[in-house]
Amino acid sequence: MSTTTPVPARKPPTAQDDAPVFSVSGLWKVFGPKPERVPADPELGALDAAELRARTGCTAAVRDVSFDVRKGEVFVVMGLSGSGKSTLVRCLTRLIEPTAGTIAIDGEDVRAMDRSRLRELRRHRAAMVFQHFGLLPHRTVLDNVAYGLEIQGVGKAERRERAAEIVAKVGLEGMEHRRPGQLSGGQRQRVGLARALAVDPEVLLFDEPFSALDPLIRRDMQDEVARLHEEEGRTMVFITHDLSEALKLGDRIALMRDGQVVQLGTPEEIVGSPADDYVREFVRDVPREQVLTARTAMRPASLVESTEGPALTPDATVSEAIEAVARTGGPARVMDDGKCLGVVDHEQLLGVVAGVPVAPAAGPRATPEAV
């Protein structure tokens with residue numbers, strides 16, 4: 001398993017953040033003969049992959065998956081190869097047709113959309129960024145970025161102006177007139193990202209976009225996505241097999257295995273309170289002190305403790321809290337908007353690092369969800 005870099009503090013959600021953009025309920029995708037019989041028959045639906053193939057000749061790539069994607073969040077779907085994550089994201093815009101279940105974007109039934117409405121969804125509302133860039137080799141960077149706007153019928157001057165703005169935003173200024181063959185892998189991926197951003201979609205869908213890149217370039221692209229999200233607050237659905245990437249980018253993570261979501265929660269919930277042995281093994285090598293926060297480790301403060309000692313935000317990592325406690329030799333206060341929520345001390349912090357079970361963190365983002 002890969003380890004993780006420190007996770008940046010996440011802003012607390014607003015009521016607007018909690019409004020779902022995508023709502024998915026009871027979603028199935030079954031490949032094979034008469035696939036609709038599998039979700040319709042509880043007995044067939046309960047079979048494991050090998051038994052299902054033997055009985056029906058079918059493979060259930062996505063099994064009864066439900067979740068909401070909130071406005072402004074980075075929602076990560078992760079799992080190993082064959083877990084169903086890429087099939088799932090393609091079902092959201094019907095690049096792959098679901099077998100059963102419901103998908104809605106802003107309350108509109110995606111499965112009921114006709115061809116015209118579906119085209120509008122893919123061109124304007126939910127843009128996909130793929131692992132393979134799909135750039136047009138005979139076009140310049142600027143014209144590749146403007147391609148989606150051209151398809152939408154935007155005039156040449158307007159689309160080139162918009163494309164130039166986005167090219168600069170993703171760090172490719174000065175390369176507008178190069179062709180894809182003159183770019184590095186990381187630069188080509190930036191062009192792919194810019195092309196998706198140019199149409200100003202409501203949701204960006206990333207299907208393992210950085211998995212073919214060298215590690216250093218991949219980290220740069222992760223930082224770029226995090227920066228763009230911080231600046232624009234755009235809703236993103238990000239597919240990855242890499243735990244470090246999921247923990248770095250995700251506000252919430254849906255961990256998949258054999259087509260099912262085995263746990264859905266914040267990075268802190270998944271690392272601090274694994275749902276089962278599979279998840280526990282998945283996160284075993286994660287440095288807990290870089291993911292878990294002061295909110296998790298704190299205890300109630302005494303009257304004296306609430307007015308003395310260094311102050312930390314609730315989202316400060318345990319690693320940062322350890323440094324603060326080590327500097328003073330006493331507890332550190334966990335402060336939010338001038339109010340002391342609790343304190344962290346040497347004993348609590350060591351317990352968290354050692355893997356002593358912790359309750360899900362308090363606050364709106366930590367509410368456990370039924371999947």
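Everything numeric here is computed off the predicted structure, so don't read it as measured data. The residues of the chain are indexed from 1 along the displayed sequence.
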Set of residues satisfying side-chain hydrogen bond (donor to acceptor under 3.5 Å, both in side chains) with respect to [X], sequence neighbours excluded:
{"X": "D336", "value": "none"}
{"X": "H241", "value": "E208"}
{"X": "E173", "value": "none"}
{"X": "R63", "value": "none"}

[atom2] on [Y] to [atom1] on [X], rounded to 0.5 Å:
{"X": "T317", "Y": "R295", "atom1": "OG1", "atom2": "CZ", "value": "13.0 Å"}
{"X": "Q187", "Y": "L172", "atom1": "CD", "atom2": "CG", "value": "6.5 Å"}
{"X": "D109", "Y": "I103", "atom1": "CG", "atom2": "CD1", "value": "8.5 Å"}
{"X": "D276", "Y": "R280", "atom1": "CG", "atom2": "CZ", "value": "7.0 Å"}
{"X": "I239", "Y": "L88", "atom1": "CD1", "atom2": "CG", "value": "6.0 Å"}
{"X": "L228", "Y": "L204", "atom1": "CG", "atom2": "CG", "value": "8.5 Å"}

Hey, is the main chain of [Y] close enough, under 3.5 Å, to the side chain of [X] for a donor-acceptor pair?
{"X": "R94", "Y": "V110", "result": "yes"}
{"X": "Q263", "Y": "A275", "result": "yes"}
{"X": "E73", "Y": "R70", "result": "yes"}

Would you check, one step at a time, whether the test side chain to side chain contact (heavy atoms under 4.5 Å, CB included) holds for E43 with V38? CA-CA 8 Å; E43 182 183 349; V38 176; over 6 Å; no

Treat each ILVMFWY residue as a node, draw an edge where side-chain heavy atoms are under 4.5 Å apart, and state whether [X] and [Y] are in one component.
{"X": "V129", "Y": "I151", "result": "no"}
{"X": "L197", "Y": "M175", "result": "yes"}
{"X": "V318", "Y": "L341", "result": "yes"}
{"X": "L136", "Y": "L142", "result": "no"}

For the pair [X] and [Y], find out whether any cationic side-chain nitrogen is under 4.0 Å from an anionic carboxylate oxygen.
{"X": "R117", "Y": "D114", "answer": "no"}
{"X": "R53", "Y": "D48", "answer": "no"}
{"X": "E269", "Y": "R252", "answer": "no"}
{"X": "E231", "Y": "R227", "answer": "yes"}
{"X": "R125", "Y": "D106", "answer": "yes"}
{"X": "E281", "Y": "R284", "answer": "yes"}
{"X": "E245", "Y": "R219", "answer": "no"}

Ignoring hydrogens and angles, write down the donor-acceptor pairs under 3.5 Å from the side chains of residues 21-29, residues two or more places apart or on other chains.
from : atom 1 : to  : atom 2 : distance (Å)
S23  : OG     : D68 : OD1    : 3.1
K29  : NZ     : E97 : O      : 2.8

Which of I166, V167, V141, L135 passes side chain to side chain contact (heavy atoms under 4.5 Å, CB included) with R195? Answer is L135

As a test of understanding, state which of L44, T99, T56 forms a side chain to side chain contact (heavy atoms under 4.5 Å, CB included) with V30. T99

I need the full list of ring pair (Phe, Tyr, Trp, His ring centres under 6.0 Å) pairs touching residues 29-64, with sequence neighbours left out, sorted by first then second residue. none

Show me the pairs that pass ring pair (Phe, Tyr, Trp, His ring centres under 6.0 Å) and involve residues 165-208, at least two apart or across chains. F206-F238

List for me each residue that meets salt bridge (charged side-chain N to carboxylate O under 4.0 Å, His left out) alongside R159, sequence neighbours excluded, and say none if there are none. none

Listed by chain and number, what are the ring-ring contact (aromatic ring centres under 6.0 Å, His included) partners of Y278, not counting sequence neighbours? F282

Less than 4.5 Å apart, side chain to side chain, heavy atoms only: is that true for L249 and M236? no

Answer yes or no: is there a side-chain heavy-atom contact under 4.5 Å between M113 and T93? no

Distance-minimising heavy-atom pair for P201 and A126: CB-N, 4.3 Å

For residues 139-149, pull every pair meeting salt bridge (Lys or Arg N to Asp or Glu O under 4.0 Å), keeping only residues two or more places apart or in separate chains. R139-E150, D143-R160

Please write out which residues are connected to L149 in a hydrophobic cluster, directly or through intermediates, given that two of Ile, Leu, Val, Met, Phe, Trp, Tyr count as joined at side-chain heavy-atom separations below 4.5 angstrom. V154, V199

Could you note down all residue pairs passing side chain to side chain donor-acceptor pair (under 3.5 Å) where residues 81-91 supplies at least one of them, sequence neighbours left out? S86-D207, R90-D207

